[in-house]
Amino acid sequence: FSVKDEPIAAWAGFCRNTEEFGPVYAGMTMEANAAIPPTNDRMPVLLMPDDYDRWLTGGIEEVIKFMYGEPIAADRMTVEQTEDRWRSGAAPPASAQLALL
């Protein structure tokens, strides 16, 4: 998924270090706009540049509001389907995870 008039879109999510898996990530989702189905009934919470400050400095209640806002309009989005799998079934090497920290 991409936004037509933006060079890059930020997907809202969280990162946490765990003893068992190291850094783990979770992306926030919201109700999908009309461009996303039949891929899914949910879509990523995409942050536009004017959302960054609210995302980075807001309290948890403010951040959760992003999940219940209006999704980006379907006509502003491009959906590019690939055969790539979202999960390989294997965790990335620890060195790759640590490089992200």
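Any value given below was found using the heavy atoms of this structure, including those in side chains, with hydrogens, waters and symmetry copies removed. It should be emphasised that the depicted structure is a prediction, and the values quoted were computed from it without experimental measurement.
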Not counting sequence neighbours, list each pair that qualifies as a salt bridge (charged side-chain N to carboxylate O under 4.0 Å, His left out) and has a residue in residues 70-81. Asp5-Arg76
Which residue pairs satisfy the salt bridge (charged side-chain N to carboxylate O under 4.0 Å, His left out) criterion with at least one member in residues 8-20, sequence neighbours excluded? none
Residues in salt bridge (Lys or Arg N to Asp or Glu O under 4.0 Å) with Arg54, at least two apart? Glu62
According to salt bridge (Lys or Arg N to Asp or Glu O under 4.0 Å), who are the partners of Asp41, at least two apart in sequence or on a separate chain? none
Kindly compute the distance separating CZ (Arg42) from CD (Glu31), expressed to the nearest 0.5 Å. 7.5 Å
Pairing residues for [X] by the side-chain contact (heavy atoms from CB on, under 4.5 Å) criterion, not counting sequence neighbours:
X	value
Thr78	Ser2, Lys4
Pro49	Glu6, Tyr52
Phe14	Met28, Trp55, Ile60, Val63

If you look at every heavy atom in [X] and [Y], which pair is closest and at what distance?
X	Y	value
Asp51	Leu46	OD2-O, 4.3 Å
Thr29	Met67	O-CG, 3.6 Å
Ala35	Ala74	N-CB, 3.5 Å

Close side-chain approach of Ile72 and Phe1, heavy atoms under 4.5 Å: no
